[in-house]
There are 4 protein chains.
Amino acid sequence: MMSKPLVGVQDYEREARWRLPKTALDYYQSGALDEVTLKENKEAMDRWYIRPRFMRDVSKRSLATTLLGHKVAVPFGVAPTAMQRMAHPDGEVATARAAGRIGAPFTLSTISTFSLEEVAMRAPNTLRLFQLYIYKDRELTASLVRRAEAAGFSALVLTVDAPYFGIRRADVRNQFTLPPHLRMANFQSDEAASNHLHTSDGGSGINEYVASLFDPTLTWEDVAWLKSITKLPLVLKGILTREDAILGVEAGAAAIWVSNHGARQVDGVAPTVNSLRFPHPLFPDGGPSRGGGGSE
Amino acid sequence: MMSKPLVGVQDYEREARWRLPKTALDYYQSGALDEVTLKENKEAMDRWYIRPRFMRDVSKRSLATTLLGHKVAVPFGVAPTAMQRMAHPDGEVATARAAGRIGAPFTLSTISTFSLEEVAMRAPNTLRLFQLYIYKDRELTASLVRRAEAAGFSALVLTVDAPYFGIRRADVRNQFTLPPHLRMANFQSDEAASNHLHTSDGGSGINEYVASLFDPTLTWEDVAWLKSITKLPLVLKGILTREDAILGVEAGAAAIWVSNHGARQVDGVAPTVNSLRFPHPLFPDGGPSRGGGGSE
Amino acid sequence: MMSKPLVGVQDYEREARWRLPKTALDYYQSGALDEVTLKENKEAMDRWYIRPRFMRDVSKRSLATTLLGHKVAVPFGVAPTAMQRMAHPDGEVATARAAGRIGAPFTLSTISTFSLEEVAMRAPNTLRLFQLYIYKDRELTASLVRRAEAAGFSALVLTVDAPYFGIRRADVRNQFTLPPHLRMANFQSDEAASNHLHTSDGGSGINEYVASLFDPTLTWEDVAWLKSITKLPLVLKGILTREDAILGVEAGAAAIWVSNHGARQVDGVAPTVNSLRFPHPLFPDGGPSRGGGGSE
Amino acid sequence: MMSKPLVGVQDYEREARWRLPKTALDYYQSGALDEVTLKENKEAMDRWYIRPRFMRDVSKRSLATTLLGHKVAVPFGVAPTAMQRMAHPDGEVATARAAGRIGAPFTLSTISTFSLEEVAMRAPNTLRLFQLYIYKDRELTASLVRRAEAAGFSALVLTVDAPYFGIRRADVRNQFTLPPHLRMANFQSDEAASNHLHTSDGGSGINEYVASLFDPTLTWEDVAWLKSITKLPLVLKGILTREDAILGVEAGAAAIWVSNHGARQVDGVAPTVNSLRFPHPLFPDGGPSRGGGGSE
């Protein structure tokens, strides 16, 4: 191959910047509002030090661990990211297969451009989790759960931080919608998703979609309901406080996925890597963190 | 509309930079002296984290609160900013009406380019506060108070941080004055304001105006006097220390408006958002803050 | 005047950058070695907050104080800076007169391009201090002291931080010397100063001058000697530690001038404004400051 | 000489950037992975302050100290850096001689482009240390030790932080190998080093070389073995934790060389200058440092 090798994620980002249409690129790389947390997400990692120990026999090394009882070769995996065929025709299938090849878990987004059945069929050897929302239409929700179970997904990942979608200014400027040749593959009917996503009158199409289907009345009782209709372990994704982590476990979660949604939902939150750390290292007295929420 | 949508304040700032005359733009965007605090005002906000709680019913949300006993739909509003018709012919009237449309309070600057009566007449449904100074000419001051009361303003906002005006270098370089087609609409007589503002001989016209009319002998007793001549609640704007907040309340203030005047008055003060915080998060022992003022 | 007004020190710096010959500009603006402290000197000031108090009668304001028993109108003055006629033909005389006009003290550098007698004669109403070194030639030193006394200088400022001169890379690159039309005006004889300064063979001429005349054997006893031969108060300039401040006072100093020489001598020292502060605000336990010096 | 003098390391770096082939330059200047530690290595030095003491007799100054019982004129020296003839035909010999000229110790890398005997012969008056690895082939290792002893090296420096080599992305992109006209001069046979280094199929040749020869099973017992076969003092280079420093001394080390390998091995470690400092100045409670290693 004559082209330069791509080494490290920066090379892939550079490549993406001239290959992808601006609308897709903006969708993938933007964060909420002023992108303060997006920047902080990256920088916070650099402030953690590794303290390496040497002169140990490292001829046999393993990063393997277990995730929800399943063996994984590496302690990281693929988070749910929507609409991957905007970037490449092989979309979520390619990502799922790549994850499987290194023994990493893969999480399929509900808003995928291959259906969950296609991904399951074409990446059979990958440990697959299915990300979903609790829709206003509980039957639609239950149907997705049944399909995920039938297709051999190993867990459900409920996104808890999106009762409304984050405002990404680039998407609003671009009046972002899914390109016409693609569809939200997990939804067959016209009422669902795809049509709404294409009808935009000056704003982000994805936000309108969410507003039309998502249920902002959700509480921890709905988490318990979801848990009650499935035998799959339930992962809660998007928790950013100790308090919610505890409530999540009490509601039946098998795992808490600490995440700020790639800084795409709420701007001004702590970087994910520091989220559950309390007190904040610079503010041992609790410092300038504003308390969120109210009393239970 | 063919033009690009304006999304977020950055877009409006960019638009303003090529639409506005340099003199007006500089006046609006400059801070005092080295603009250290101007920069810090922005950055300090980014260092505060939100700790979001999830899985609560957020279908009915409200930012409503009360301000001085009046219901407001949002917990923020429009601060007094002078001479808005330099930016647009509709000036303060447009801003007041926009505030009213979202249920936000609006504060009219004394140094406005529409009179307080015009603003009241044309933005009748907006909760309006009137910002003023205590002039050397106490009768002029009292007359403004009576007019604000008559025009249905809901509070007086006394600016306490401007016995002299801050030095904004761009204004000095531009020998800033109000453009000839505009006037300071709250002052009818020639002696007041407008003439002074137009007579500049190498310096900032606004500073000369202030020097000619403002009263640098003011003390907390003058606050009490102002309180005594009005039934309107009195807000003190520009307080930056706990000590002054306490003195202000003792002098009869209904509210303390913590503000560093958009970093336009004294450079080198703490960012507004951290002003009343003590001790400073980085300097738990009081650190390098120099004590201001003297003994009472 | 058609030219733009110069407002604030930044405007003067910009002007200087295109008016001055590169060699002179580099000499004036460079700091020692990597210029870490030069940068920190500026930034440290911005990290100190003013806590302004309001609603006080500020119609009569005064910055006046006393310096060594003399009234000064402002609590700052002109530090000794060498060879000012490289920048303007009026050199130190102009600076001394400008200081006098605002009631600020003026310190004349030994390495001046007007003699101390000329400055005294042409800036008679300025409070003048005379900066000097203790030379290997003690009689030369004593003669400068006598001349400063005779010319009506009010104090001697002994520079303590220059047993050797700081390395400023730009000066080494430029092989900096005093321009041929100028001379070090406080020295009449050929042996002293001027000739040495012009003989440079690949390095900074000023450093060679210092090496030839300055005395690196100085101790606190030499301070006491200097004190013994003059009735003028003695100021020690360049102290950066509490320990040395105490030793200086014990040696007879009337005042300690805390300074890191504009970051021109030792790179890597604390910014002047924080020098005597202990512990360092970021390192309450003494932190990463290396102890300097040894035991007494 | 007409060319500009080179003053300070920045000038030499600038010169190198246009003189050296890109592949060599990249090899010399790159750090591991994201180069977070490379940047931090430089910046951490700037955060340490010198507290200078003045008015001491500094006419006789000395930086001399002892290193492993040998007098050295300066308390610093040359660390082992590989393949110096990529930069200049005189390579390691020139560096060793330059070190000797100022009385600094010189450490020869095993991966040098002059043999250790050549360096010893041509830099006889330099205090020389020899850096080595413990190879899979212990006899090869022992042979290097015997040669270093015979050639009059004063100590062995065992690199402990390279069971595998750090990933430097520039080297991978460049498919870095030693230029064909150079060889790894300490290895005569074809099996060793040089051939391996030239056989690269899409990756860094140096990494492949290391993988083929280095022994990742090493433990502290191997350090003790190395110590047992030589009378030379043994220095352990690359220690970054207090825990390993203690283990190293227990294994027989004469000295611990605290180093993060110029940030070329593990990215995300503390800057060398702060490595053994505990707790971290910003995190007095141990803060966000992840514990490394496991239990002994």
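Below, chains carry the letters A, B, ... as their sequence lines are ordered, and counting in each starts from 1.
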When rounded to the nearest 0.5 Å, the distance separating CZ of C/R242 from CZ of D/R51 is 6.5 Å
What distance separates C/D215 CG from D/D57 CG, expressed to the nearest 0.5 Å?
8.0 Å
For residues [X] and [Y], report the shortest heavy-atom separation together with the two atoms involved.
X	Y	result
D/P52	C/L240	CG-CD1, 3.7 Å
D/F54	C/G238	CE1-O, 3.3 Å
C/Y164	D/S59	OH-CA, 3.9 Å
D/R53	C/D244	NE-OD1, 2.7 Å

Can you check whether C/L158 reaches D/M55 side chain to side chain, under 4.5 Å on heavy atoms?
yes
May I ask you to test the C/D34-D/Q10 pair for a side-chain heavy-atom distance under 4.5 Å?
yes
Among [options], which residue forms the greatest number of heavy-atom pairs with chain D at distances under 4.5 Å?
options	value
C/T219, C/V36, C/L33	C/T219
C/T37, C/D161, C/D267, C/V266	C/D161
C/N260, C/L218, C/L236	C/L218

Backbone of D/V7 reached by a side-chain donor or acceptor of C/R173 within 3.5 Å:
yes
Do D/D11 and C/R169 sit within salt-bridge range, that is, some charged N less than 4.0 Å from a carboxylate O?
no
Does C/E221, at its CD atom, have more than 12 non-hydrogen atoms belonging to other residues, nucleotides or ligands within less than 6.0 Å?
no
Of the backbone (N, CA, C, O) and the side chain (C-beta and beyond), which part of C/V160 lies under 4.5 Å from a heavy atom of chain D, both, or neither?
both
